[in-house]
Amino acid sequence: MTQRLRILLTGMSAVGKSTLVGLLRQRGYAAVDTDDGYTTESIGQPGEVLWLEDRVQALLDGPEELLFVAGCARNQVAFRDDFDLTVLLSAPAEVILQRLRDRDTNDFGKTPEQEAQVLADLAEVEPLLRSVADHEIVTTGPVERTLEQVLESSRTTTKMRAGAAKPLRKWVGR
């Protein structure tokens with residue numbers, strides 16, 4: 001029986017999660033962005049996005065041998081043990097802010113208030129994500145290089161299961 005592998009790609013807004021999902025899909029991998037039907041706005045915190053836990057659980061219980069899930073929400077911690085690998089995608093604050101200004105697929109991050117929230121989240125949330133991540137990839141290099149690093153992470157995790165693993169490391173995009 002083949003063992004299933006679940007990989008979480010997490011990180012702050014504008015680090016490349018959605019872009020990577022698109023590239024993974026183009027290469028034939030099962031990849032889901034939780035922004036696409038797996039989230040809802042928090043009732044208690046306007047503007048805060050939470051995963052719809054029943055939908056995410058059904059996704060994780062699906063038949064795919066290898067599944068990449070991209071997203072970031074406060075309640076993702078409920079699924080920590082469901083993921084075989086957590087990859088933190090990161091970028092410097094100035095890169096994130098510029099990407100938010102430039103992107104046309106999402107209106108978030110365009111106002112001064114939203115930029116301030118992004119910077120606050122970067123200072124508060126990203127260290128928490130880093131503390132639980134198995135791997136970190138800095139996404140300042142070419143997106144194809146980042147994709148290769150993500151795929152290498154999945155291969156390394158598969159090897160770990162077979163007992164032939166190399167230690168996990170932080171990659172800086174170049």
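What you see is a predicted model; the values in this text were computed from it and never measured. What you see below is based on every heavy atom in this structure, not just the backbone, and it leaves out hydrogens, waters and symmetry mates.
- At least one side-chain heavy atom of I7 sits under 4.5 Å from a side-chain heavy atom of L66.
- Side-chain contact of Q76 with T10: a donor-acceptor pair under 3.5 Å is present, judged by distance alone.
- The same ILVMFWY cluster, assembled from side-chain heavy atoms under 4.5 Å apart, contains both I137 and L24.
- Between atom CD of residue E48 and atom OG1 of residue T40 there is a gap of 11.0 Å, rounded to the nearest 0.5 Å.
- Around CG of D107, the count of heavy atoms belonging to other residues, nucleotides or ligands within 6.0 Å does not exceed 12.
- Across every non-hydrogen atom of A91 and I96, the tightest pair is O-CD1, 3.4 Å.
- At a threshold of 4.5 Å between non-hydrogen side-chain atoms, the residues F83 and L60 count as touching.
- A distance of 6.5 Å separates CG of L52 from OG1 of T39, quoted to the nearest 0.5 Å.
- Between T105 and S18 the shortest side-chain heavy-atom distance does not fall below 4.5 Å.
- Of all heavy-atom pairs between G109 and Q114, the closest is N-OE1, 2.9 Å.
- No more than 12 heavy atoms of other residues, nucleotides or ligands sit less than 6.0 Å from atom CD of E124.
- Under a hydrophobic clustering in which Ile, Leu, Val, Met, Phe, Trp and Tyr are joined whenever their side-chain heavy atoms come within less than 4.5 Å, directly or via other members, V125 and V87 fall into the same cluster.
- Residue E126 holds its CD atom at 11.0 Å from OG of S131, rounded to the nearest 0.5 Å.
- Put simply, the side chain of D121 reaches to within 4.5 Å of the side chain of M12, judged on heavy atoms.
- Ring geometry for F68 versus Y29: interplanar angle over 60°, hence perpendicular rather than tilted (30 to 60°).
- Using a 4.5 Å cut-off on side-chain heavy atoms (C-beta onward), L147 and T19 make no contact.
- Two residues are said to be in side-chain contact when any heavy atoms from C-beta on lie closer than 4.5 Å; K17 and L89 meet this criterion.
- In this structure, F108 is not a member of the same hydrophobic cluster as V49, with clusters built from ILVMFWY side-chain heavy atoms closer than 4.5 Å.
- By the 4.5 Å heavy-atom criterion applied to side chains, L97 and L119 are counted as neighbours.
- Taking all atoms of both residues into account, the shortest heavy-atom contact from Q57 to D82 is OE1-OD2, 3.7 Å.
- Although no hydrogens or angles enter the test, the distance criterion places no donor-acceptor pair under 3.5 Å between the side chain of R130 and the main chain of L88.
- Scanning for ring pair (Phe, Tyr, Trp, His ring centres under 6.0 Å) contacts around Y38 gives an empty result, with sequence neighbours left out.
- Under the side chain to side chain contact (heavy atoms under 4.5 Å, CB included) test applied with T139, the options R145, Q149, R99 reduce to a single match, R99.
- Cluster membership for L67 and L9, using ILVMFWY side-chain heavy atoms within less than 4.5 angstrom, is not shared.
- Between R6 and G62, the shortest heavy-atom contact is NH2-O, 2.8 Å.
- E115 pairs by the salt bridge (Lys or Arg N to Asp or Glu O under 4.0 Å) definition with R101, not counting sequence neighbours.
- Linking ILVMFWY side-chain heavy atoms closer than 4.5 Å, directly or via other members, places L23 and L151 in a single hydrophobic cluster.
- Taking CG from N106 and CG from D35, the interatomic distance works out to 7.5 Å, rounded to the nearest 0.5 Å.
- The closest side-chain heavy-atom distance from V32 to V21 is not below 4.5 Å.
- Taking the side-chain hydrogen bond (donor to acceptor under 3.5 Å, both in side chains) definition, one finds that E144 meets it with R27, sequence neighbours left out.
- Residues A78 and E53 share a closest heavy-atom pair of CB-OE2, 4.4 Å.
- Pairing each heavy atom of C72 with each of T34, the nearest pair is N-OG1, 4.4 Å.
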